[in-house]
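The block underneath contains the structure these notes are about, expressed in structure tokens.
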Amino acid sequence: MLIHRRHARVRRHAEALVVEGRFAEAIDLLTNANRVRPHPEIEARLLELRRDGLGGATAAAAASWPPHVPDRFSNEANIPEVTRDQLTSELLLSGILHHGCLLVRGLIGPERVHQLVDDIDRAFAAYDAHANGAPVSQTAPWFVRFDPGPDHEIHREWIRGGDGVLAADSPRAFFDVVETFEEIGMRSLLTDYLGEQPLLLAMKTTLRRVEPRGNPDWHQDGAFMGAGIRSVDVWVSLSHCGVDAPGLDLVGRRLDGIIDPGTSGAGFDWSVGASTVSQLAPEGIVQPIFEPGDALLFDHLLLHRTGVHPGMTQDRYAIEAWFAAPSSYPADQLAIAY
């Protein structure tokens with residue numbers, strides 16, 4: 001009862017801050033309360049505040065971007081790779097701007113990996129239960145339909161058919177993802193990289209449990225997000241993948257723009273045909289092997305696909321979290337405060 005009253009006081013205080021337009025403070029207040037004792041209503045309210053307030057993020061563009069950074073990985077025969085302890089914004093800039101991506105070993109520790117895998121299983125089960133008629137009272141906090149507002153539409157069935165559930169549709173999982181990134185200093189890293197406080201793209205940030213099936217399409221996310229943006233995808237593997245479970249196939253070099261999509265036998269108007277990929281990667285595609293907690297950081301220009309190959313039998317668990325600069329984010333992807 002005491003905890004219930006304390007939560008009620010915190011929520012009243014948070015709503016008073018919202019009335020004053022102090023969204024960032026309200027988000028911090030509710031986040032701290034939820035750390036002490038998770039509560040479904042607080043987690044759902046946090047998502048609404050992130051949607052409505054943007055947490056004080058500035059839309060002022062960096063004076064000059066991208067900055068000039070030397071190639072710190074010029075001797076790498078494959079894609080550049082660092083450990084979590086080595087990761088800096090300069091190395092991230094060097095990896096993405098010169099090589100298209102940066103592989104970070106052990107970005108997330110085993111305890112968080114285990115928690116997020118469990119979150120994904122719970123979110124998928126809750127989504128499926130809701131799709132079969134279960135009310136939100138039974139599926140919260142693992143599935144609560146996120147309201148994107150009148151200017152956006154969420155194609156949930158298409159996302160679920162692609163082995164995903166939007167993180168914003170799972171308030172508890174979303175909270176845990178953000179907490180994980182806070183623990184490893186992702187906010188500071190991305191702010192330094194982008195030159196601005198990052199926003200999280202709600203339409204792109206996805207919980208993944210990928211089955212080894214189908215023939216995934218090569219694509220650059222900029223083909224539907226736009227080329228003139230500043231972005232980073234923090235793609236975190238939560239399981240062993242690349243051998244028994246689907247990993248990622250990459251064109252392991254920096255591309256300067258969007259390759260003409262929908263040509264050379266491409267399956268969709270946003271994807272890239274196999275013959276074009278072969279021309280861009282004459283030495284062969286890159287197929288990293290990921291351990292649980294490893295991450296690949298890249299932007300909207302990396303040409304890649306889900307790596308499904310014969311003999312794979314296991315599902316791949318992953319978090320796909322897209323961030324963008326406030327001055328150039330793609331509006332149709334619904335930026336929310338991070």
Side-chain angles (χ1 to χ4, degrees), residues 1-15 18-19 23 26-27 29-53 112 114-180 200-211 238 315 317-322 332-338:
M1 183 65 72
L2 178 62
I3 292 176
H4 177 76
R5 289 200 296 267
R6 188 176 300 157
H7 263 194
R9 288 197 301 271
V10 168
R11 291 171 64 186
R12 286 196 297 270
H13 186 190
E15 295 307 323
V18 171
V19 170
F23 284 87
I27 290 172
L29 186 66
L30 292 180
T31 295
N32 289 331
N34 205 64
R35 286 174 181 150
V36 175
R37 187 178 180 86
H39 194 288
E41 292 183 6
I42 287 181
E43 291 159 346
R45 183 59 177 145
L46 276 167
L47 276 162
E48 293 173 346
L49 296 181
R50 292 183 187 280
R51 176 197 63 198
D52 296 340
R112 279 295 190 183
H114 178 78
Q115 178 188 39
L116 293 173
V117 167
D118 184 63
D119 285 0
I120 290 173
D121 281 337
R122 289 174 180 267
F124 274 61
Y127 176 98
D128 292 344
H130 184 75
N132 289 322
V136 170
S137 60
Q138 295 180 14
T139 62
W142 299 107
F143 182 80
V144 178
R145 292 173 67 93
F146 177 68
D147 180 6
D151 298 327
H152 298 86
E153 182 180 1
I154 298 176
H155 301 284
R156 290 183 173 88
E157 292 184 4
W158 184 83
I159 295 169
R160 182 64 182 86
D163 295 327
V165 170
L166 279 187
D169 274 341
S170 183
R172 177 66 52 81
F174 186 96
F175 185 86
D176 289 343
V177 169
V178 171
E179 286 290 279
T180 299
L200 192 59
L201 300 183
M203 297 296 207
K204 290 282 293 174
T205 298
T206 310
L207 313 174
R208 297 284 186 191
R209 191 177 67 195
V210 179
E211 299 179 18
L238 301 174
D315 292 351
Y317 287 78
I319 302 292
E320 180 181 0
W322 279 90
D332 62 336
Q333 300 301 327
L334 183 58
I336 62 176
Y338 163 52

My understanding is that only residues two or more places apart in sequence, or in another chain, count here; which of them pass side chain to side chain contact (heavy atoms under 4.5 Å, CB included) with Gln115?
Arg112, Asp119, Asp176
So, for Leu166 and Ala202, which heavy atoms are closest and what is the spacing to 0.1 Å?
CD2-O, 3.5 Å
Under a 3.5 Å distance rule, please check whether Asp163 uses its side chain to pair with a backbone N or O of Glu211 as donor and acceptor.
yes
Show, in sequence, the C-alpha distance, side-chain angles and deciding distance for Ile120 and Val165, and conclude whether the side chain to side chain contact (heavy atoms under 4.5 Å, CB included) test is met.
CA-CA 8 Å; Ile120 290 173; Val165 170; over 6 Å; no
The reported gap from NE2 in His130 to CZ in Arg145 (rounded to nearest 0.5 angstrom) is 5.0 Å
Value for CG (Asp332) from NE2 (His152), rounded to nearest 0.5 Å, stands at 6.5 Å
Determine whether a donor-acceptor pair (N or O, by modelled atom type, separation under 3.5 Å) exists between the side chain of Arg208 and the backbone of Gly162.
yes
Taking Arg51 for the side chain and Asp147 for the main chain, is one N or O donor matched with an acceptor at less than 3.5 Å?
yes
Among residues at least two apart in sequence or on other chains, which ones pass side chain to side chain contact (heavy atoms under 4.5 Å, CB included) with Asn34?
Pro38, His39, Ile42, Glu43, Phe175
Please give me the minimum heavy-atom distance between Leu49 and Ala26, naming the atom from each residue.
CD1-CB, 4.0 Å
Show me the pairs that pass salt bridge (charged side-chain N to carboxylate O under 4.0 Å, His left out) and involve residues 122-139, at least two apart or across chains.
Asp118-Arg122, Asp128-Arg160
Rounded at 0.5 Å granularity, tell me how far CZ in Phe146 sits from CE in Met203.
8.0 Å
Minimum side-chain heavy-atom gap Ile27-Leu46 below 4.5 Å:
yes
Taking all atoms of both residues into account, what is the closest heavy-atom pair of Arg50 and Thr31, and its distance?
NH2-OG1, 4.2 Å
To the nearest 0.5 Å, what is the distance between CG on Asp121 and CG on Leu116?
11.5 Å
Which distance, rounded to the nearest 0.5 Å, do you find between the OH of Tyr338 and the CG of Leu201?
13.0 Å
Is there side-chain contact between Glu153 and Pro148, with heavy atoms separated by less than 4.5 Å?
no
Step by step, would you call Glu48 with Val18 a side chain to side chain contact (heavy atoms under 4.5 Å, CB included)?
CA-CA 11 Å; Glu48 293 173 346; Val18 171; over 6 Å; no
If you round to the nearest 0.5 Å, how far is CG of Leu29 from CD of Glu15?
10.0 Å
Sequence-distant partners of Pro135, side chain to side chain contact (heavy atoms under 4.5 Å, CB included), two or more places apart
Ser137, Gln138
Sequence-distant partners of Ala129, side chain to side chain contact (heavy atoms under 4.5 Å, CB included), two or more places apart
Ala134, Thr139
Please check if the side chain of Thr180 supplies one atom and the backbone of Val178 the other of a donor-acceptor pair under 3.5 Å.
no
Whether Tyr127 and Phe143 hold their rings parallel, tilted or perpendicular, with breakpoints at 30° and 60°:
perpendicular
If every non-hydrogen atom of Ala44 is compared with every non-hydrogen atom of Pro171, which pair is closest and at what distance?
N-CB, 3.9 Å
With Arg35, which residues qualify under side-chain hydrogen bond (donor to acceptor under 3.5 Å, both in side chains), at least two apart?
Asn32, Glu179
Closest non-hydrogen atom pair, Leu207 against Ser170
CD1-CB, 4.2 Å
For Val10 against Ala33, the heavy-atom pair lying closest together
CG1-CB, 3.8 Å
